[in-house]
Amino acid sequence: MNTFTLLMLLSVIAASALFIALAVFLVKISNVLEWVGGKTRIYGEQASFLSKIRLGVRAIEVQTGALAPQVTTLNAGLSGVRDGMRAIDANLDGVIAAVVRQGEK
């Protein structure tokens, strides 16, 4: 058998194995998605798990929507506190230096 023929057959076998593995895993993924999107009864009505997740995420989005302006205000206030702490740190450095100089006399 020619080397090129052997390489061609190995390539065809490898490509076939790749496509078979792809098909098997796509079927498995499809089965999991069908299970997640499956139907369940809520208050006597059919509802999918995905719709329940969507509603929960939407509720979280609505309830946390007011946080953004408050966080901006909080950041501005904390920036002022940071600047004040830096001033206190500078003052304490001066006090420590004065005490050290006084102790040397």
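Because the structure is predicted, anything quoted here is derived from the model rather than measured.
For the atom pair CG of Asn2 and CG of Leu6, the computed distance is 9.0 Å after rounding to the nearest 0.5 Å.
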Residues 12-20 side chain polar contacts: donor-acceptor under 3.5 Å, at least two apart:
from: Ser16; atom 1: OG; to: Val12; atom 2: O; distance (Å): 2.8

What donor-acceptor contacts under 3.5 angstrom involve side-chain atoms of residues 82-90, with partners at least two apart or in another chain?
none

Could you list the donor-acceptor pairs under 3.5 angstrom formed by side chains in residues 21-31, with sequence neighbours left out?
from: Asn31; atom 1: ND2; to: Val27; atom 2: O; distance (Å): 3.4

Could you list the donor-acceptor pairs under 3.5 angstrom formed by side chains in residues 62-74, with sequence neighbours left out?
from: Thr64; atom 1: OG1; to: Ile60; atom 2: O; distance (Å): 2.7
from: Thr72; atom 1: OG1; to: Ala68; atom 2: O; distance (Å): 3.0
from: Thr73; atom 1: OG1; to: Pro69; atom 2: O; distance (Å): 3.1

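Counting only residues at least two apart or in different chains, salt bridge (charged side-chain N to carboxylate O under 4.0 Å, His left out) contacts with residues 53-65 comprise Arg58-Glu61.
Clustering of Ile, Leu, Val, Met, Phe, Trp and Tyr by side-chain heavy atoms under 4.5 Å joins Val95 with Val99.
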